[in-house]
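We name chains A, B, ... by the order of the sequence lines, and we start the count at 1 in each one.
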Protein chains: 2
Amino acid sequence: MLMPDDPWQPPRILLAVDLVILTLRDARLHVLLVERGIDPFRGALALPGGFLGDEHEEIEAAARRELSEEVGLSDMHLELLAVYGEPGRDPRGRVVSIAYLAIAPRLPEPIAGTDAANASWTSVDEALGPGTKLAFDHRRILIDGVERARTKLEHTALATAFCTETFTISELQQVYEAVWGVRLDPRNFYRKVQGARGFIVADGPMRKTSNGRPARLFKAGPVHVLNPPMTRP
Amino acid sequence: MLMPDDPWQPPRILLAVDLVILTLRDARLHVLLVERGIDPFRGALALPGGFLGDEHEEIEAAARRELSEEVGLSDMHLELLAVYGEPGRDPRGRVVSIAYLAIAPRLPEPIAGTDAANASWTSVDEALGPGTKLAFDHRRILIDGVERARTKLEHTALATAFCTETFTISELQQVYEAVWGVRLDPRNFYRKVQGARGFIVADGPMRKTSNGRPARLFKAGPVHVLNPPMTRP
DNA sequence: GCAATAGTGTCTTTCAGACAATATACA
DNA sequence: TGTATATTGTCTGAAAGACACTATTGC
């Protein structure tokens, strides 16, 4: 039944985006964190993010805008992670945050003198360790993001997104070891990766490493869903 | 730098919840749809859902409230599915919808004379078939929900949530066959289910079926992550 | 030569899938 | 008895993990 004079109107809330940006540095998984310049949580470390720019902005576009403005990155693979909307998660009022997961190959240090100046790479172990306090519920978001990356490594070709365009199989193995936090047998890994049809294809001849025999170079193949999958030990 | 007179304020948007409620009827996967009583899409079929009640309501609480008000159900397992926030998905303005997935054992018909009167079970095949037009982007949400259920059946004990408290192994097999849309070998299924430690535990003696030998009864076990998983053919 | 990493082969165990065989109900 | 469903057993092929072994570089 229509009730044109019904005074009730649905509430309007604030929408934010937050980014879990993962990369590999020194064979360890790192996440990009920013130091907050304003209250609340001024001075604390937080995931990059911000509010929707205007009523017509796509949510993923807002995430890319923050990526560009706050940390100077662009053209990355973004994936919806989850929604965090608990009342009270932000002391400023009701803020619902849409979290995205981004995976990147080895990236440069954030550029000083830009908005990205207070962004820095932190190892995930340290960011989640007892010595670090993250703003809001960003610790939970980071845990969820890392777990998502671990699972996606099993079933998709995501690992190649951590690598440069061409890579060796042992470099790919380092991705799996860093994200999963385990050691893998290089010989079995070699066979398993080769067995996943379309995962990687040969490219270029060799790359000399510091020591030992040079390795063949590969690039990402056409397949994004691995068959058979890379099972986690 | 603080700019107390900065006129920019982040936009406030409308937040909605939508529910993909799945159950089994006649060994086929069904979804609960409602006929919309108001514009937009008046008269079309849609997923149950609605706006956040007030600024302080938890998102999942809003989903449970809609579940109760609109379809008369309570105490169900709810799981965050995804976020749908494309501008233009709702002609009334910018509406971001949080979709939840609910799984239920065989449920009664919605009760006539309540708000749930225009809710009805529709087979998923029919709801996604060419003869049905769903409101908004609810076709996409339903597809995502079914795919999520299929995947979760592999790795978690979700299948028992489709069953009554005690069930036979062939009843459990019917769940897998209905959700995955495949036929399974009862003998191999039997061994596989028994091999997943903690998935199901014996309960009570027997249940006489229409024909043939009575089957042993089981109930859901303590484990929620299956090891080894039930691999989809 | 030695050290170090890349790549191959082989063995054993585990598991998925096909399917024979047995068990227990009802008519 | 026959028919239908439940449960167990057996076989085969694929894949995972352990690990011996060969190959190719720099020193």
Side-chain angles (χ1 to χ4, degrees), chain A residues 27 153-155 159 163 166-178 180-219 223 225-233, chain B residues 27 150 153-155 159 163-164 166-178 180-219 223 225-233:
Chain A
L153 233 49
E154 293 189 80
H155 303 287
C163 298
T166 65
F167 48 86
T168 68
I169 288 186
S170 82
E171 283 167 356
L172 191 62
Q173 179 180 341
Q174 287 175 36
V175 174
Y176 278 89
E177 291 184 332
W180 283 351
V182 297
R183 299 286 295 173
L184 302 172
D185 184 304
R187 300 158 292 186
N188 292 333
F189 183 84
Y190 200 98
R191 260 190 307 105
K192 200 178 219 170
V193 165
Q194 298 275 39
R197 293 167 303 246
F199 184 11
I200 58 172
V201 297
D203 182 89
M206 295 289 167
R207 170 180 297 172
K208 12 184 197 323
T209 50
S210 46
N211 299 336
R213 169 175 174 177
R216 295 158 66 190
L217 283 175
F218 295 84
K219 60 182 178 185
V223 167
V225 176
L226 297 188
N227 182 12
M230 305 287 294
T231 52
R232 197 181 342 180
Chain B
R150 287 183 169 145
L153 233 49
E154 291 188 80
H155 303 287
C163 298
T164 48
T166 64
F167 48 86
T168 68
I169 288 186
S170 81
E171 284 166 356
L172 191 62
Q173 179 180 343
Q174 286 174 38
V175 173
Y176 278 89
E177 291 183 332
W180 284 350
V182 298
R183 299 286 296 174
L184 302 172
D185 184 303
R187 300 159 291 186
N188 292 332
F189 183 85
Y190 200 98
R191 261 191 305 104
K192 199 178 221 171
V193 166
Q194 299 274 41
R197 293 167 303 244
F199 184 11
I200 58 173
V201 297
D203 181 89
M206 296 286 168
R207 172 180 295 173
K208 19 190 191 319
T209 50
S210 46
N211 299 337
R213 171 175 173 177
R216 293 158 67 190
L217 283 174
F218 295 84
K219 61 182 177 186
V223 167
V225 176
L226 298 188
N227 183 11
M230 305 287 292
T231 51
R232 193 175 355 171

Distance, rounded to the nearest Å, where Tyr190(A) contributes OH and dG9(C) contributes C1'
14 Å
Considering only side-chain heavy atoms of Lys192(A), which listed nucleotide, dG17(C), dG17(D), dT7(D), is closest?
dG17(D)
Provide, to the nearest angstrom, the distance between the CG atom belonging to Leu184(B) and the C1' atom belonging to dT5(D).
17 Å
note: Arg232(A), atom CZ; dA16(D), atom P; distance rounded to Å ~ 16 Å
Taking C-beta and beyond as the side chain, do Lys219(A) and Val201(A) meet within less than 4.5 Å on heavy atoms?
yes
May I ask you to verify whether the side chain of Asn211(B) and the base of dA27(C) hold a donor-acceptor pair under 3.5 Å?
no
Once you apply a heavy-atom cut-off of 4.0 Å, does Arg191(A) come out as touching a base, just sugar-phosphate, or nothing?
base
Using whole Å, what does the distance between atom P of nucleotide dT24(C) and atom CZ of Arg216(B) come to?
12 Å
Could you tell me whether the side chain of Tyr190(B) and the main chain of Ile169(B) form a donor-acceptor pair under 3.5 Å?
no
Backbone N/O of Arg232(B) and side chain of Glu154(B): donor-acceptor pair under 3.5 Å:
yes
So, does Ser170(B) get its side chain near the phosphate of dA6(D), meaning an N or O under 4.0 Å from OP1 or OP2?
yes
Base, sugar-phosphate or nothing for Arg187(A)? Non-hydrogen atoms, less than 4.0 Å.
base
What nucleotide, of dT10(C), dA25(C), dC19(C), holds the atom closest to the side chain of Asn188(B)?
dC19(C)
Any heavy-atom pair between the side chains of Met230(B) and Leu153(B) that's under 4.5 Å?
no
Between atom CD in Gln194(A) and atom P in dG7(C), what is the gap in whole Å?
8 Å
